[in-house]
Structures are given as structure tokens and as C-alpha cells.
Amino acid sequence: MKAGVFKRYWKVYKIFFANSISYISQFKTESFIRIFLNFAWVLSLFLTIEIIFNQTQKLGGWQKSEVYVLMLFWIIADEVWGFFVGVNLTNLSQLIRTGELDFHLTKPINSLFVISTKFIQIRSILRFFIEIILLIIIVIKFNIPITTWGAILAALLLIGAMIILYAFEILVNSLSFWLIKIDALYDLYATFFQFGRFPLEVFPKTLKIIFLTTIPIAFSAYVPTAALFGKWPWYGTLYVFAFAALSLFCALKFWNFALKKYSSASS
Amino acid sequence: MKKYWFAFTATIKNHLIYPGQLLAWSISDIFYFAIFPFVWLAVYASGDQVTGYSRLEIVSYYIAVALVSAISITHNSRAIRDDIHQGHLNSFLARPLNYLLYKFTDTLGYKFISLFIAGIMLLSSKLIFSSYVKIPFSFLSILIFIGLAIIAFLISFLVHSVIGLTAFWTGENSGIQNFYYLIFSVFSGGLAPLALFPEYLQIASNYLPFKYLLYLPAEAFLERVNSVQTSKVFAVGLIWIIVLLGVAILMWRKGIKTYEGRGI
């Protein structure tokens, strides 16, 4: 990508960022309430761990401290996702229904970029830092040994996971070009993501395969956490990056194909 | 009553226009609870026991929770908020009907369809995972379960109505809604049976109506609510319904006086 093109996209992204800040500043009280509720929700997830580990010492071979880290990785991954893409692509079906997609297609910039980044969830940044502090507290409280290499690998795998999630988000939402209304399908897809907060070892083999391929819920939390604790094999790391590249390639091809099927509702 | 019957049948017809959407929503509701049986089965697989619950009971508990969630748990607060916030209430006020009663029959229509989906789900789980699913056999247990499922539906509808009606004063009330969902997720028994919770949370749950929403009907499904407890459980449930109904009516009467009727 030429430097000029990069500059142009960066400039547009900065405008989206400023707009999002402006939007959230209109709802300061609501934002603080939501951040408080998010914190309480994290505590309710911790309660689940406590209830489970009140009955057992290990869950699918994972210790309590490891499950805490897994749960926090799942939440942090969600914040990273919320910040970079969030609900933007989910709005695609509405853009198609109302014909608003025309506005994006006629701009001299990649339409997928605009649709994916138009609204940035600023609250995710604040929550991200709160959750990182919680992660540090958990690491100190349970005296969890973390190596620099493990942390770097986990961060890299999280980036791989974000690419995979983005690719699948494009694939699912592109179906809107044919199905028009896919809210329910998307809700179903989102429900499956709840499975990602527990170790993959608790699920049957068939589900494990599904969660590492067709419904890729294991990548955002399980894989990076498993890598952090040395439970993820080296060939698994290669698989993640190969799968990320392949799924993004397929998603972009499918997006371009779907875009050709678009018949505007407004013009 | 004819106009409310019309609301009931119209809701059913509306939802049946998009059967795929309805099915996907129902599956989403049910699948949320499908995680936990795997988690508890992993606990049993490691040789541990779940206090007070057999392997069969703990899996059946979540199947019962999913069933009750599908047939009794409502989400009407958003629709009420939107009606008030966006001025849709105007059209209801111009008609000769009781708004809350209309919403009730509308919600009942949706739950009527969910009842069929939940029934199919229960039968398929029993056929596919027969060794993991316990179904109540005695007539009395079935009656207690149905009674508690009806109480759960009424409490859920009334709590959501109260939340929705706060829009008269707050306009946007998603903060209150999210707070409710948080409290609901902890105290309803959707995460785990309340008997497995720390003692202080179990005590707190006794002073709230939320255990009527999932935990008590699910326990009745497992035939764990005995005849001595039953009368007390029903009596307290009915008191909650009366209290919530009173609050909802009072809020409606006060709120309608502050309503500005956006869009008139």
C-alpha cells in the first residue's frame, strides 16, 4: 500500500474516532453506568468460576487460576473486537434494507473499510484497561508464572484470532445480500461465542473440531491462553495463522462476489 | 375480550411470517444454557461430584432451565420502552383497550409458539440423550411444574413491564435493562442451581423474585420441590405477582400523566 493511500485511510479513521468520542461524550452518565455494569458482569463470570471450582480442583485439566485467565482473555478479546470492528458489520443488513449502503459504495474509499470502522466503541478502551488491571491482579493473586515468550505468543495469536473473527463476520454478514434480514442468524452465531469462555477440553471431540473450524470460537480466548500456559502445540500456532490467512482471503472474495449481487433499495 | 384475542392471534401470525427467524431465536435462547451441562459433565469426568446433584440431575437441570426460559421468560421491556420513547403509544391511547393487557396478550402469543418449539426441544433431547435427561413422571410433579412455569411467566412479564414503564421518566432506559439482566443472570439460577451458590447469595435470593423465574420451576421439573414446600412457594410467588402488578399499574397511572406523546 502506498504511503499516500495509507495516510488517506488513517485520516478517515481519525475522523471516525473523533465522531465516536463526540457521540459518547453526549452520554457520559450512561457510559459510566455501562462501565460499572460491565465490571459487575465480569464479577458474575468470576462467580461462575468460583461455583464450579467449589466442586472440583480441575476443569478439563485446567486449574482455577488458568480458567480465570481464560475467562479474562475471552472478555479482553471481546473488547479488542469491540474497539476495532464491534457492531459495525452487524449493521450491514440494515444498510442493505434501507439502501444506505449506496452512500458507502459511492465514496472514493474501500467500502468494507468504512462499514467495518465507522463507529468505534470508545467504551471498549476504558473497559479494556479495567480488565487488564483485573488480569494483573489475578496473575499476582494466584502467583501465575508468565514468560515473556508466552505473553508475546498469546498476543500474536490474539491478532490471528481477530483476523479469523473478522473474516467470519464478513462471511456471515455478507449473507444479508441474499437473505436481507439476518438478525436471528447473527444472534445464533453470537450465542455460540459464549462457549469460548471455558476450556475446549470440556467439550466433546466433534464440538472441539467445529470450534476450531466452522464456528471459530476457540481462537479468541482458548488458543492464546493455552499458548500462554504451554498447552498449545507449535503446529497449532502455524494452523492459526494459516487459517487466518485463508479465511480472510475467502471472506474478501465472498464480499466482492456478494457486492456484485447488490441491487440498491433506494436508487 | 375479542380485541385481546385478536392481539394474541395477530402476534402468532406475525411471528409465523418469518419461521426461520423464530427458530433461530429459540435455538439461541436454548443454546445459551447448553454450555453448562458440558462443564458439569467434565467435573464428573474428573471423578468429582456436584454437591446434592447426580449427573443426571445436573444435566436435566439445565434442560429444564432452557425449557422454562423458552416458555416463561419474556423480553417485553424493550417494546414498552420503544412505545413510550418513540411515541408509538399514541396509537394505543387512541384505541379502546388496556395497554398493559394488550402487551400481555401479545407476549402470550409469542410464548405460545415458543411452547411448541420448547416441547420439540425437550422430546428430541430425551430421544437423543436419554441417559442424561430426567422428565417428571408423577401427575402432581407435572402440575407443580406447570404452575411454577405460569408464575415465572407472570413475574417475568410484570418485572419487564415495570422496567419498560420507567421510560416515562428516563426516556432511554437501557442502563436499567442491563442492570436487570445482570441481576437476573445471577439470581434466577441460570448460571447454576442456587443451592451451589455461596450462602450469602442464597440468603439474598430468598428476598428477591428472581429464583421464581428459572430455579424453582427447574427444581420442580427435577421433582425436588416437595409437597410441604409447594404451598409456601406458590403463596410467596403469588404475593410477588400482586406486588409487581400493583407497582406496574401505579407506574402506568403516574407515567401516563407525564407522557408527552412524541409524534402527535
Side-chain angles (χ1 to χ4, degrees), chain A residues 26-27 29-63 67 93 179-204 207-208 211 215 217, chain B residues 15 17-53 58 170-187 189-199 201-202:
Chain A
Q26 293 173 53
F27 304 103
T29 316
E30 174 81 1
S31 298
F32 281 115
I33 292 171
R34 277 174 180 259
I35 288 167
F36 164 75
L37 287 175
N38 183 73
F39 183 69
W41 171 71
V42 173
L43 293 183
S44 80
L45 293 179
F46 286 177
L47 174 69
T48 317
I49 299 175
E50 287 298 326
I51 291 168
I52 293 165
F53 280 92
N54 220 5
Q55 308 292 327
T56 187
Q57 293 296 309
K58 283 193 169 185
L59 183 66
W62 287 56
Q63 290 173 359
V67 175
S93 74
L179 303 174
I180 310 295
K181 203 165 161 44
I182 62 152
D183 318 32
L185 182 69
Y186 188 81
D187 284 347
L188 190 60
Y189 177 72
T191 302
F192 275 108
F193 272 81
Q194 298 287 331
F195 283 69
R197 60 186 153 121
F198 290 107
L200 210 54
E201 283 80 0
V202 305
F203 301 112
L207 278 183
K208 278 184 207 164
F211 292 161
I215 306 174
I217 63 150
Chain B
H15 284 294
I17 294 171
Y18 300 108
Q21 178 173 285
L22 185 72
L23 189 67
W25 271 336
S26 303
I27 293 172
S28 301
D29 276 353
I30 291 161
F31 257 79
Y32 176 76
F33 299 105
I35 308 169
F36 298 106
F38 292 114
V39 171
W40 291 115
L41 284 174
V43 170
Y44 276 100
S46 64
D48 292 309
Q49 301 284 319
V50 179
T51 316
Y53 288 83
I58 198 76
T170 61
E172 173 57 54
N173 65 358
S174 58
I176 300 169
Q177 285 192 27
N178 290 341
F179 181 69
Y180 166 72
Y181 279 115
L182 182 71
I183 298 288
F184 168 80
S185 75
V186 174
F187 289 105
L191 291 178
L194 293 176
L196 302 180
F197 275 49
E199 206 181 338
L201 287 176
Q202 286 188 48

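Just so we're on the same page: letters track the sequence lines, and every chain starts at 1. Hydrogens, waters and symmetry mates are skipped; everything else that's a heavy atom, side chains included, is used.
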Visitor: Check whether more than 12 heavy atoms from other residues, nucleotides or ligands sit under 6.0 Å from atom OH of Tyr180(B), and answer yes or no.
Guide: yes
Visitor: Counting only heavy atoms closer than 4.5 Å, note whether Glu50(A) contacts chain B via side chain, backbone, both or neither.
Guide: neither
Visitor: Verify side chain to side chain contact (heavy atoms under 4.5 Å, CB included) between Trp41(A) and Asn178(B), making sure each step is shown before the conclusion.
Guide: CA-CA 10 Å; Trp41(A) 171 71; Asn178(B) 290 341; over 6 Å; no
Visitor: Any chance you could measure Ile35(B), atom CD1, to Phe192(A), atom CZ, to the nearest 0.5 Å?
Guide: 10.0 Å
Visitor: At a 4.5 Å cut-off on heavy atoms, which part of Thr56(A) comes close to chain B: side chain, backbone, both, or neither?
Guide: both
Visitor: Side chain from CB out, backbone as N, CA, C, O: work out which of these in Phe198(A) comes under 4.5 Å of a heavy atom of chain B, or both, or neither.
Guide: side chain
Visitor: Quick one: which of Ile33(A), Leu207(A), Leu47(A) has the most heavy-atom pairs under 4.5 Å with chain B, could you say?
Guide: Leu47(A)
Visitor: Using 30° and 60° as the class limits, which term best fits the ring planes of Phe38(B) and Phe195(A): parallel, tilted or perpendicular?
Guide: tilted
Visitor: So which heavy atom on Gln55(A) is nearest to which on Gln49(B), and how close?
Guide: OE1-O, 3.4 Å
Visitor: Nearest 0.5 Å please: distance from the OG1 atom of Thr48(A) over to the CZ atom of Phe197(B).
Guide: 7.5 Å
Visitor: Can you say whether Leu191(B) sits under 4.5 Å from chain A via the side chain, the backbone, both, or neither, judging by heavy atoms?
Guide: side chain
Visitor: Chain A heavy atoms under 4.5 Å from Tyr181(B): which part of the residue, side chain, backbone, both or neither?
Guide: neither
Visitor: Can you name the nearest heavy-atom pair linking Gly175(B) to Leu37(A), along with the distance?
Guide: O-CD1, 3.4 Å
Visitor: Tell me, with the steps shown, if Ser46(B) and Gln57(A) meet side chain to side chain contact (heavy atoms under 4.5 Å, CB included).
Guide: CA-CA 9 Å; Ser46(B) 64; Gln57(A) 293 296 309; over 6 Å; no
Visitor: If the test is side-chain contact (heavy atoms from CB on, under 4.5 Å), which one of Val39(B), Val50(B), Leu196(B) qualifies with Ile51(A)?
Guide: Leu196(B)
Visitor: Roughly how far apart are Ser44(A) OG and Phe187(B) CZ, rounded to 0.5 Å?
Guide: 10.5 Å
Visitor: For Ala34(B), is it the side chain, the backbone, both, or neither that has a heavy atom closer than 4.5 Å to a heavy atom of chain A?
Guide: both
Visitor: Is atom NZ of Lys58(A) surrounded by more than 12 heavy atoms (other residues, nucleotides or ligands) closer than 6.0 Å?
Guide: no
Visitor: Tell me, for Ile52(A) versus chain B, whether the close heavy atoms (under 4.5 Å) come from the side chain, the backbone, both or neither.
Guide: both
Visitor: Taking atom CG of Asp48(B) and atom CG of Asn54(A), what is their separation to the nearest 0.5 Å?
Guide: 11.5 Å
Visitor: Where does Leu201(B) contact chain A at under 4.5 Å (heavy atoms): side chain, backbone, both or neither?
Guide: side chain
